[in-house]
Structures are given as C-alpha cells and as structure tokens.
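Read through the structure below, which is laid out as structure tokens, and then see the notes.
Letters A, B, ... are given to chains in the order of the sequence lines, protein chains preceding strands, and every chain is numbered from 1. Everything numeric in this text was worked out from a predicted model, so none of it was measured.
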Amino acid sequence: MQNPATTDETRTELSKGYEHKDVEARWYRFWTERGYFHGDEQDHARPPFSIVLPPPNVTGSLHLGHALTATLQDVLVRWKKMSGYNTLWLPGTDHAGIATQMVVEKELKKTEKVSRHDLGRAEFLRRVWAWKERYGSRIGEQHKALGASLDWARERFTMDEGLSRAVREVFVRLHEEGLVYREKKLINWCPDCHTALSDLEVEQKDAEQGELWSFAYPLADGSGEIVVATTRPETMLGDTAVAVHPDDERYRAVVGKQVRHPLTGRTLPIVADAILVDPKFGTGAVKVTPAHDFNDFEVGKRHGLEQITVIGPDARMTAAAGPVAGLDRFEARRKVKELLAAQGLDRGTRPHLLAIGRCQRSQTILEPLLSDQWYVRIAPLAKPAIEAVEQGKTRFIPEQWTNTYMAWMRNIHDWCISRQLWWGHQIPAWYCPDGHVTVAREAPAACATCAKTALRQDEDVLDTWFSSALWPFSTMGWPDRTETLRTFYPTSVMETGHDIIFFWVARMMMMGIHFMGEVPFRVVYLHPMVRDEKGQKMSKTKGNVIDPLVITEQYGADALRFTLAALTAQGRDIKLAKDRIVCYRAFANKLWNSSRCALMYLECFEARPGAGADGRTAADRWILARTQRAVNETVAALEAFKFNEAAGTVYHFVWHELCDWYIELAKDALYGDDPSRKRAAQGTLVHALATALRLLHPFMPFITEELWHVLRAKVKGDAWPDAILAAPYPAAGAVDEAAERGFQPLLETVDAIRNVRGEMNIPPRAPLRIDIATEDPSVKAAFDAEQGLIHRLANVDRSDIYIAHTTRPAPTSAVAVRAGFEVRIHFGHAVDLGAELARIAKEIEKIEGDLGGVERKLANPSFVQKAPPEVVEKDRARAGELREKRGKLEAHRAMLSGTLDSPGASPGRRETMENENQNPSSPTPPSQPSSTASGAMETMEKVVTTVSEVGKAIGTAVASGVEAAVERVKAASTPRRPARKKAKKKAARKAAPRRAARKAGKKKAAKKTGRKPARRAAKKRGAKKRGR
RNA sequence: GGGCGGAUAGCUCAGGGGUAGAGCGUCGCCCUUACAAGGCGAGGGUCACAGGUUCGAAACCUGUUCCGCCCACCA
C-alpha cells in the first residue's frame, strides 16, 4: 500500500466517477498510524466522550446489526472528536459461551468426528482457544472495513486475564455480601445444550396447538376417583399430590384423602391450594409434580411434598419413572396414556393452545429440572438501578424504553448464573471432600470450613452475560483504580439494540452502580432492529439476509453507513431496501463530482480567511446562509440522536442546494473575468464544500477524508488540519436570514420559468423573453443585480430580461405570480394559448381553494377572537397575497381570452411577437429585440389552438376585462410574507384543488349512496354559515 | 392476560395543533463540458376507522380494526 498522505496530497484531479474501492482501502491505516483513535486517559483538558462497543461474539461475522451499531457509534465518536472531545471508543469481543462452544463442537464433529467428551475438558478448551486465535480477529477486521474509529490498543476479550480477574472479583464480593448463593431449585434445562438457562434465555413462541388430556386418579380408599387434566401426561410419574381449590364444594369431602398412583402404587395426598388451582379450569383438580413444574414446585414447598425427578438431563425418563424408565419424554407421554387407558382411567382429550418454552439457541423444548445452581440475589441490585433511572442519572432514548426497563426491573427474579458448559469463566468455588464450599479469588489450598485439602473446583462456568455485565468497567482495568476509569467512566452513551435491554443494559446498570458507585452510562440509545424490505426478520432460512460485507464490496462502506444512518429513526424498525443503498452510493458519487467540479474552478485560489468577502454576490451570501442553516440543523439532530434527520439534512443541502443551485449559480462568476467576484465565488464554494465534507465526515468517513485532502492540496489551505478527522466540526451559529430571504425571488423566478417551460412543453433552450415586475425596491435591486443567474439557470438571454414596475401583457405570454413580484414569460412566437389558459385556470383554481379556506377562517369570529393574533395576522396576509395573485392571473386570463375573442384570432393563425407589439394595451417594448428570439421564430412551428378548443379549456370565461382586473389588483392589499421554500410553495399550489376535488368527491359519493356527507365537511360548511 | 410501537403518495418513510413532506418508482423534456450513478418539469394523498377536545386535529384524548414487538408459571 502506498503512503496515503503522499498519494493524495499531490493529487489534484479526480476520476470521473467515484470508485469506493480506490478510496476506502487507504484511509484506515492513515488514521490509526496517526493515533486519531486513541483515547487519552491523561488528557483532562478536553471533555471526555466514551463509548464501549457492545462486544460482538467472537464467533461472529459482521451482520447488519453490527454494521448499524458500528455506524451509529462511529458517527457519535467522530462527531464528538471533531467537536473537541477527548473520545474513547473501546472495542472487544465476547466469548459467547454456548454459541462458541457449539460452533467449535460442530466443527470438531465435522472435521475430526469427535465430541468434546471424546477430547476431554482441557483438550477441548485448548481447541476453542485455538479457534479463537484463528478467527477471533475476523469481526474486528470487518469493523475496520466499515471505518469504525475504535481504539484498538485497548481491545479486550471477556476471557482475557484482566477481565477474568474482574469476573472472579465480582463473584467473590457478591458472595461475601450474600448476593451470590447456591441452591437446589427448578431451573430451565436445555436437554440439547445440556445446561441450565436463565429465564431470559427461554423463548416463548406463539402458543402451539396441543391437547389437554384428562385421566382419573382412583381414591386410595376405593370410594371413587378424582379426574385431573394435563398437557404433560408423562410427568404424572412424578406426581406427589392432587390439588383442588379449598372453596370448591365438589371436592370438599376428598381434601385430605389419598389417591393411589395407578402406575407406581404410591399414595398421594389431595391438598387444597388456593393459589395454584382455578376451579373453573378443567376439572378443577390439578396433578402436582414439584420436580417438573414451576408452579407445582411452589405448591410442593407450601405443602411439604416430595420432589421426584422422573425426567433426567438427557430428557429421558429416570429410573424413578417405573414402567416408562429409559424412554424419551415424548415416547413416555404416549406410553403413559396407553397404560392409563388400559386401566380404564382415560377421561378424554380436548384441543388446547399452550405456550412452550424453547431454548433460545437450539430451539429445543426446555425441561424444568431440579438441580443445584448458582444465583445472583437480584432485588438488592435492582433497587438502585431503578432509582438511578428515576433520578435521571441514566436516560433512555427513545424514552419509551424507560418503561420497559422499569417494568422488568421491578418484577425481576433471581438470576441463575451457572451453566453446565466448558467454555467460559469457571466458577471460583471449590468443594472439599465433605462438601463444604470455599469461594475465593484464587484456588485455595484448603477448605475454608474444615481445612481439608484435595479440593475440587466447581465444574460449571458463568453465564456469558455475567462477564458482559461488567464490560463498561472491566475493560478499563477494574478492579484496579486506573486512570482510564477515572477519565472515561461513566461512559457517555450506551448504544445498542433494544433486544438486549434485559440481558445486558439492565445488568450493566446493576453491576456498574454496585461496583463503581456510579451508573455505567449517561444515555442509553436503543437503535432499531434491521429487517428486510418487507419488514421481516432477516434469517438464513428465509434467504432474505443482506450481508453488509457484500454491500460494502458492491457499494462501499460509506454508502452502507449513510444508508443505515439515514434510516435510523427513533421508534421504528429499519426496513432495509437495496435501492436506498444504491441511492446513497449515488450520493457519494454526487459529492465526488461536485468536488471534482470545484477543483476545476479553483486554479490560483488561495484559502485566506475572509478573502473575497467584498466581491460576494447575493448567491454567495445565500449559500453561506444555507450552509450555516444546514450546520445548525445537523448539529441539533445529532444532539438529539436523530440520525435520520442529520443525514437527511446534509444530503439535501449537498445535493439540492449546493449542487443543484449554488454551483450552477456560481459558474458565471467562476468562469468570468471579474477577479473579485471570482475570488468571492471560489471562497464561497470552498467554504460550503468543506463545511459539507466536515458535516458528512462522521457518516461517510472515507470519501470525505479523501476529498478533504484533494481540496486542501488544491487550495493550499495551510490553515486546514491535515486530516478531516482532525478538523473542527462546523459549529452552530446565527443564520443570515436576510440573505436567504433576499435571494428567494431569484430562485422562484428561475423556478417559475422552468415550470412554464415544462408545462407548456417549451424546450429548455428555446428563447424566451422575461418581464419581471415588482414594486419592492429591494426586490428590484436583487433582480437588477442578478440577471445573470436567470440567464444561466433559466436559459434566458440577458437582453431578453426586462425588469420594471409592471409587466407587459401580451397574448403570447404566460404569467407566474409570486409573493411581491410577478414574472411574465413571453414566448416570442406562436404559442399554444389553450395550454396557457388551462395552466392559468388550474392555478386560479388552486388559489381559490386556498383562499376559500383562509377566508372562511377569517370570517369566523371565534377564530379571529381566540386564535393567537400572529396566526390571524398571518392568515390575513396570506389572504391578501392570494387575492393579489388571483387578480393578476385573472387579468392575464382575461387578456388572453380577449385576444381569442378578437376578430383577428382565427383557427390556425400564428401569434407572433409583432402582433403582440401591436397590442394597444401593452406598454412600449424594450428597444432592442432579441436576435436569438426572432431568429428562432422562423424555425418554430406551433399550431395555435382554435377558439373553440380554448373555449373548452377555460370553461366559463372570465367576464371581467383587463382594467377591472387591474383595479382589483390595486385594491388588494399586498402584504409580504417571508420567502418560503420552493417545495412548500409547490405544495401549496398543488394542495388546494385536490382538497376541493376531494370535497366534491365526497359530496358526490354521498349523494350516490344516500349517506350523510362526512361529518367534518358538514362541520366546515356549518362553520361557514355561522360565520356569515 | 398485560405492556409498547406502527397504520401518512405506488414503495420506503419523515413530520407533528395553524398552507400535507422527502427519497425511490411513474410520466414528459433534456447527453447543458462536475456528475445519465446526471439535470429540469409534471402527476400522485379521506394522514386506518369512529367519537371527543379545540376558533382550528393528520397531529392531543377515548374507543375500534388490522400489523409488529416485548413481558407473563395458568394445569
């Protein structure tokens, strides 16, 4: 690999299209070699910002969840770093007990045809470590390919020495405090993984169709029977009681009696238990199996019942199961039913929906099993973790997850932490031959109770999540009091998926508070789940998995990152569609090309602060204001964790403001001879582009770093930091609103001309003459100064632009009325009057729809009285504008239809500029006619619409003449509203007729079906009446 | 059984008491020398349904219907 710095510092030209492969390979090393990712624990001058990467499973390969995590965290970290923080993003991997053990076991089975038991514990662990050495760095490399600015020098592994020490320390201390204990209880057992699981690792799938089978227990005294119902007949071999409700009259007489077990001959008591039994369910009598059911276990404790284990760890029936001993649990189920039926005890079956707990990992149906396990007494740990969130020490974003966290924490059960696996932290507990337990940090020489030697360490390992719970501080060197902890704990943000709130977030909270005396993170940002484009979970079996590595290969890491960020809205899962990625790859290309374009214009440009400010045009000031606005919005969005808004803001700014407008606007100055204007435009362009690059850097680190260097070399920007990552993030500040507002008329004029061209099907290059009329001196000044951009962007010759107080009505013209000014477009040749009339009619209809709404509001006394004055004032102004617009458009329409009605207008006749000039109502035209326009006239062949066609188009023609219209215009007040975005205007134009049409449609539909019109419409009509 | 989301353009989604938005797709016109991975323009909506609050509701409240997701030991 070449030295990236030299490669790019000397590069002043860019390839025609963006090739992510050329760029992305280069920069990661550049950043790491310069130590940009290093979090400095000695630096107390800058405020700290730290994140610990949720450690991916060491077996893992990068999937979209990781990619999302990496992207969002990198966005935060790079943003904060550029904003002057001392950032630390700490990487690492998780040993992932069951997952890893299973992966390696599977591989061993495949390659060597051996099981872990064949190898023995020590040898098996050696193999797992070897596997970890071989593949454990893979996911780290994949994070690097994404550009993640992780501090690799601090990379940790949950089973490395330091973290293992932290695990033992925590275990021992909790044990000393009585918060870790060992007890024989029922646990969820996975017969496939052969281990205990915590409640959280049990998946309750949708209720499955099963059956509820009833059978009779004969009373021991032969006086009758009691019928019980069960979904698990095989467990009846472990029954040690039958329970009924104490208030149940049906069974009052038998409580205290015994039943005889039909398969074992044991006798069982009939007990009364109000908690377990719902008399309305089934027969109201319940078989009780304390060793195989969580409820029954409690009943057994209440009534002192025997616990008989009839299903073993391998899910086969134990010797205690008598006639079915040795059978698999499901075979036993059938057999038990047969045996009981043979005795005539079958009392029927009915279908029953039941929820079955399955192993999260193997999907095996779990079995409650009575066994000795280690537990964390959780309530004392949960309490402060609840309080910390109540007190706002840790904040959840989106906020709704607070409830989820609280609900779980308040109803928490003790945590079973021992696992019957080999891969993991072996429990630091030793047993002496007498069975005494010694818990210690290191292997003790003798039993703490009886001083006997020959101790045996507990063979079980700890739940993987036990070590994960310590991650925010164990990775920083705890239990030592390190400088890193002092500087970077608590971490600033925990960013992870909401699927592990309980597994991980809650447990980190508890452990962090308990051992550090301080919450582990200030903010928990929970990102959405990534699904396929149909909203389905991605899974290999469905075949809908999008592999981030493939995406990165095809479209680039920047495109993937930007896509993920742009789709990350709070409170909704991400549906990832390929075309979004394609779209953002195009964005990278756009950015690339805009920089390429800028480079072309930057010959002889030197970046000197403030240089060229005096030559700035309105366009320069406009884009500078828009740049600042984009900065403000992006920063605000990032601060609120609104990644989609931040990404969307920069995207829109770069593409639609900087590229679509400003670069085009600036070309005159950039190509031109005026050195001061040129310098100003260059400076403005560089500023806007460099700002955009910095804004974008956290989202698209590679391309922005590349472009930064190229641009920096070109402009000889010695004041520029030599890496964009080392450059300051653009700071929020005041926006020059006057510059934004003042430029709006120019943009709208270009917009209007393009619109007319498009609507009337006039080719982009066809010559036009433009009249612009305004009575506002500042607007006029803006037009006078900036004719060039109308020329450039709307393809109108400078000599064909005429700016005055009024426009010159002409039948071969179209009119666009905007707030405070009016644009008349003269086609200068035969024109399709029908099309223009239709266009005008459409526009007037829209305006009238809007105006109707506003006028109705204003006519409503309670609106005027109760609405805030500024709202009323706004609507008044709007009504005025709309009336003005309508007046002007109607005058135009009247003029056009007047022309058509005049004797001269006949089918097939061509309207030319000449007869336009002969129009008595039009003021004197400018003295120099456009050569381009007249030349083109010859070649233009356009059939004029016939009078009858036009008649159709305009419907009922306006009766009023031009004079009347002009009068109306004058009468109408002309309050100005602030300039609006072009999109908004368009929307407003569009909205009105549709609304009107919708209403009309409603009425029509109502008439047809005889239904009442929708109430809202009725209400509105009512309001109108009341208003009058 | 509880709880939490969601329902807005053909699709994917923002927005959020005061003029219904974006991207993609569609249609029309442009190879204008940064970019056809492009430019310009257009069309496209009963903001799920029903009530309520309000001068004003897509937004707030209540209920309903669908769609997700969590939690829960009912035999």
Say you pick atom P in B/rC31 and the same atom in B/rA36; how far apart are they, in whole Å?
-> 14 Å
Base, sugar-phosphate alone, or nothing: which one does A/H292 contact when heavy atoms must sit under 4.0 Å apart?
-> nothing
Give A/I501 one of three labels, base, sugar-phosphate or nothing, depending on what nucleic acid heavy atoms sit under 4.0 Å from its own.
-> nothing
Pair A/W592 and A/Y18, ring centroids less than 6.0 Å apart = yes
Can you tell me if the side-chain N/O atoms of A/N755 get under 4.0 Å from OP1 or OP2 in B/rA42?
-> yes
Classify the nucleic acid contact of A/P398 as base, sugar-phosphate or nothing, counting any heavy atom under 4.0 Å across all strands shown.
-> nothing
For nucleotides B/rG6 and B/rC74, find the distance between their P atoms and express it as a whole number of Å.
-> 28 Å
Give A/F294 one of three labels, base, sugar-phosphate or nothing, depending on what nucleic acid heavy atoms sit under 4.0 Å from its own.
-> nothing
Counterpart base for B/rG68, defined by Watson-Crick or G-U wobble contacts under 3.5 Å | B/rC4
Any strand is fair game: report the nucleotide pairing with B/rG45 by Watson-Crick or G-U wobble, both distances under 3.5 Å, or none.
-> none
Test item: A/E633 and A/E645 side chains (from C-beta on) under 4.5 Å apart, heavy atoms | no
What integer distance in Å separates A/D573:CG from B/rC4:P?
-> 17 Å
Which sits closer to the 5' end of RNA chain B, A/W655 or A/T283, going by the nucleotide each is nearest to?
-> A/W655
Base, sugar-phosphate, or nothing for A/R232, non-hydrogen atoms under 4.0 angstrom?
-> nothing
A/Y405 side chain near B/rC71 phosphate (N/O to OP1/OP2, under 4.0 Å) = no
Scan A/A407 against the nucleic acid and name what it touches under 4.0 Å (heavy atoms): base, sugar-phosphate only, or nothing.
-> nothing
Note, A/R302 side chain near A/D273 side chain (heavy atom, < 4.5 Å) | yes
Given atom CG of A/D499 and atom P of B/rC4, what is their separation to the nearest angstrom?
-> 20 Å
Answer for the Watson-Crick or wobble partner of B/rA37, both distances under 3.5 Å, is none
Under 4.0 angstrom, heavy atoms only, what part of the nucleic acid is A/H498 near: base, sugar-phosphate, or nothing?
-> nothing
By the Watson-Crick or G-U definition, both distances under 3.5 Å, B/rG23 is matched with B/rC11
Pair A/S198-A/E201, side-chain donor/acceptor within less than 3.5 Å | yes
Counting Watson-Crick and G-U wobble pairs only, both distances under 3.5 Å, name the nucleotide matched with B/rU62, or none.
-> B/rA50
Looking only at side-chain N and O atoms, does A/H652 come under 4.0 Å of OP1 or OP2 in B/rG21?
-> no
Does A/K857 place a side-chain N or O at less than 4.0 Å from the phosphate oxygens OP1/OP2 of B/rC55?
-> no
State whether A/K16 places a side-chain N or O below 4.0 Å from either non-bridging phosphate oxygen (OP1 or OP2) of B/rA36.
-> yes
Remember a base hit wins even if backbone is also touched, and classify A/D278 as base, sugar-phosphate or nothing at under 4.0 Å, heavy atoms.
-> base
Expressed as a whole number of Å, how far does the C1' atom of B/rC60 sit from that of B/rG17?
-> 8 Å
Is A/F502 touching bases, backbone alone, or none of the nucleic acid, heavy atoms closer than 4.0 Å?
-> sugar-phosphate
Determine the contact category for A/S594: base if any of its heavy atoms lies under 4.0 Å from a base atom, sugar-phosphate if only primed atoms, P, OP1 or OP2 are that close, otherwise nothing.
-> base
Reckon A/W213 has a side-chain N or O less than 4.0 Å from the OP1 or OP2 of B/rA75?
-> no
Whole angstrom value for the distance that separates C1' of B/rC70 from CG of A/D199 | 15 Å
Within the 6.0 Å centroid threshold, strictly below: A/Y651 and A/Y584 = yes
Under-3.5 Å donor-acceptor pair between A/E664 side chain and B/rA34 base | yes
Take atom CD of A/E870 and atom P of B/rG17, then tell me their distance rounded to the nearest Å.
-> 16 Å
If you measure from NE2 on A/H413 to CG on A/D199, what distance do you get to the nearest 0.5 Å?
-> 6.0 Å
Give A/N411 one of three labels, base, sugar-phosphate or nothing, depending on what nucleic acid heavy atoms sit under 4.0 Å from its own.
-> nothing
With sequence neighbours excluded, residues passing side chain to side chain donor-acceptor pair (under 3.5 Å) with A/D668 = A/R792, A/R798
Verify the contact: side-chain N or O of A/K667 to OP1 or OP2 of B/rU32, cut-off strictly under 4.0 Å; return yes or no.
-> no
On a whole-Å scale, what distance lies between the C1' atoms belonging to B/rC49 and B/rC66?
-> 10 Å
Map A/D875 and A/K866 onto RNA chain B by nearest heavy atom, then report which one ends up closer to the 5' terminus.
-> A/D875
From CZ of A/R580 across to P of B/rC24 the rounded distance in Å is 9 Å
